[in-house]
Every structure is written in C-alpha cells, then in structure tokens.
Amino acid sequence: MENSKEVWRRVDEKSAAFFALSDRIWGTPELNYQETRSAAEHAAMLEAEGFRVETCVAGLPTAMVGEAGEGGPVIAILGEYDALPGLSQEAGTSVQKPLQAGGNGHGCGHNMLGSASLLAAAAVKDWLAHNGIAGRVRYYGCPAEEGGSAKGFMVRSGLFDDVDIAICWHPAAFTGVNKPISLACVEVEFTFHGRAAHAAASPHLGRSALDAVELMNIGVNYMREHMPSSARIHYAMIDSGGIAPNVVQAKATVRHLIRARTLDEMWDLVRRVKNVAQGAALMSETTVAIQQLSGDANLVGNRPLEEAMHANLTSLGGPGFDAADRAFAAEFQKTFSKEDIRASYGRFGLPVREGESLSEDIYPLDFNADLFVGSTDVGTVSWVVPTVQCRVASYAVGTPGHSWQLVAQGRAPAAHKGLALAAKAMAGVAVDALSQPALMQAAKDAFAAFRADNPFQNPITADIEPPLDMAAH
Ligand SMILES: [Zn+2]
C-alpha cells in the first residue's frame, strides 16, 4: 500500500504537464500511421522525462519505445495517439460544430489514452529510481490502433519478447477492469481489375470492376445468415472506379473488416469471403487481387493482474467528478438517445441509473455483460505477454464511441480526471508487480497455463507489410 500511495502521489505531482500533452494531441488529430506530430510530442515528453528512447521501431515511423530503470523485470505500459476521420469537432460544446469540414477528431479518446500511459510510466520510473529497485518500465508508443494493428507488427518484430507484463487502459463512461472480451479481426482489401469501355457505344467490350465489387458484397451479405452470430463483417468502398457512369469501371477496390471470437473462426470466414470474391470475379470476367492489411487477435485475460487492477481501482475510488463536470456531461446527454444511455449500462452488466451523467463507481470484477463486439490490437499483445487493461470514466454516460460528442468532451476537466485515475491504476499495478514477486509469478503461471492449451500464431504473419498508407485513400 505504501508503494501504491507513493506512485499515486507521483502521478498527481506530474499530471498537469500530461493534461497539457493530452490537449495538444487532441488539437493535432492524425490518422493511422500518419501521427507524425503526435509521435513527436510523445517522444519529446519521453526525452524530457529521461527515458532512453527509440523511435521508428518495428519499421513503423510513428511507433516508439521509451525505457527507464536497470535490470529486473520489464513492465510495458501501452499508449496510443491515433485519431479518426470525419470527426472534427470544437471542444466543450454540445452542438455539432466541426473545426474543419471533413477533418479528423479524437473520437476514441486516444489523446487521453497515450498521455495517461506515458504519465504512468514516468511515475513508475521515478518510483524505481527513488527506491533503488531493480526493474525497467517501458512506454510503448503504439500508432494506428484504429485498424492498423501496429501492436501486431511490434509483437512480430520481437519488441515484447523480454517483457514480463503489459498494462493498458481505455477511456470509457464507466470505471473497472476491462473484460477480456474482444473479437479477433482482420482487414483485407479486394481490388478488381476489368476492362474499360464506352458504356453506351461498346458496353459489350467492357468488364466492370465495380460490378464485381457489388456482386462480392451481395455474396458476403448472403453469408451473414450462415456464420456465427458473434462474427461481424463490415465493408468500405475504397475506390468505386471513378465518377464517370459512362465509362465501364476498369478498377475498383473494397475493403472488408472481418471479426470473430477466435482467430480460427476468423480465418475460416476470411477463406469464405475470398471465395465469394473469386466468384464475383468469375461472374464479371474480372480478376481480383487480395491483400491483407492488418489483423488483431482476440483479448486474453489474466486473472491475477485483473484482481490487482481491481484492487487498485477500488482503493483509488472514482475519478472524483464535481457538480460542474456533471452539469457539462448532462448537456451532452441531451444529444443522446435514451437507448444509447440505457445500452451503455448493459455493456457493463450494470443497472440503469436514470439521471446519472457521469459514473463515479467501480464496476464489479465479475459481471454478465452484453457481448462487447469491438476489437483491439492489444489482443495480440495479450497472447504473448500477461496483459491487463482497465476502463476509466472520462466522459458522459451514453456517449457513443467514435462520435463528435466524444471528441467534444476530450479535453474537458472530466477527461483530465479520468486520465489521472487511469495513470494511477496502471502505475499501481506496475509497482504491485515489481514489489510482489508472488503476484508477478501468479500472472506468469496463469498465462503459461492458458498458452499450454492454446497455440498462437500472430495474425500479422511474416509476409504482411505495414499498411503505412491505409489512411491516405
Ligand atoms: Zn480506442
């Protein structure tokens, strides 16, 4: 407990600079693998804190690792700083108002995510140095969480090979240990090539790549009835072949995102989607080129670390929102549907509390949640290192993920309070693991027992190139 209190105090002492870092990242929202300014801010903060910094790791220009301490176990604290397209939004207003039409925005709160993780790492670094304890803490600056699978590439390049445990968090509307429920996922791009022709004068000479994309999507939509109900398939038109309806489209590209509970289930769906694509090519007399862009494993839990995280959160209590925070959040709730608000409780197995704009509670370690159907590249890390995450209330109850309302709340006082609580919880777990060999061993034993029965292959296989230009379309 003394160790926890010391590292929590160190978080508080440092927090102002990290709130400012989070706000600066909020102000420079950058997409997958284009996070040059955000990465530079994080690298500069690591340097200023005295970490040994390596940038451009794993062949990713915006990824980095900062290490501090000597010898002993290695604790990884994972951060992110990528934003989302089309979510530009003014801060602090509950009216939709883009700062830049069509611009980017931090609709998943990764400005807070990365800054809190770096703050936790800095506090643990100071705790190690002050107490003369053997051990290393590493901050992993991970780009492109939104579909770019940077952590999978970082795992593939061996950056986690000597790590003992990994710790992470995500901003949320409620506070508690993250349930290890997420879907394995993969993004695959299908580019069809046909033959251009004058669409009126010689249509019989054309073979439409756009037709092929449409036929493929119809085929995939017919698959939906015959796949596991927990699986998900989404698609986006990357290139529909141009703007001229009077030219038969010679080239068209569709990107499919395929999710399932396990990697095996996911790869089987990928096989079927590829068959559908080949069928569409056959029907339209086009050819199809298939390229995997990214891929994440599902999350694996680690009970001893989850218990340690829960104990830290319970000791810390909620974020400490005040009346002004609650009034601010209540304004945003007016823009949500009742269903959004009610459903957000269900995802954490919580009873609906009418009139609650911000949650101060720590939800129980064990609950029956509605299926959480997202994916994260932390999943891949969790298969190679004992990993734990928490969620921390940082915005209004009912705030939809990836929404302008989330962007608008991203640098409010409530966001800063969530950020600080997350940093304390993560730093607390790190010092618990570094000061209690029994906890470290229990985490490793639980991990080894799981892996003994569950072989793993990183969905980022040796032949996959990092999709550094995936956001450039
Ligand atoms: Zn996120």
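When a ligand or atom number is given, it counts from 1 through the structure's own listing order. Counting from 1, the numbers follow the sequence of the chain as shown.
A distance-only check finds no donor-acceptor pair linking the side chain of Arg411 to the backbone of Ala20 [under 3.5 Å]. Judged by distance alone, the side chain of Thr399 and the main-chain N or O of Ala396 form a donor-acceptor pair under 3.5 Å. A donor-acceptor pair under 3.5 Å links the side-chain atoms of Trp8 to the main chain of Lys424, judged by distance alone.
Every side chain to side chain contact (heavy atoms under 4.5 Å, CB included) that Thr387 has, sequence neighbours left out, goes to Ala166, Val378, Val381, Ser382, Val385.
Distances from the Zn ion (ligand 1) under 2.8 Å pick out these protein N/O/S atoms: Cys108 SG, His110 NE2, His170 NE2.
The number of heavy atoms from other shown groups lying within 6.0 Å of CZ (Arg342) does not exceed 12.
Residues Gln405 and Thr335 bring a donor and an acceptor atom of their side chains to less than 3.5 Å of each other.
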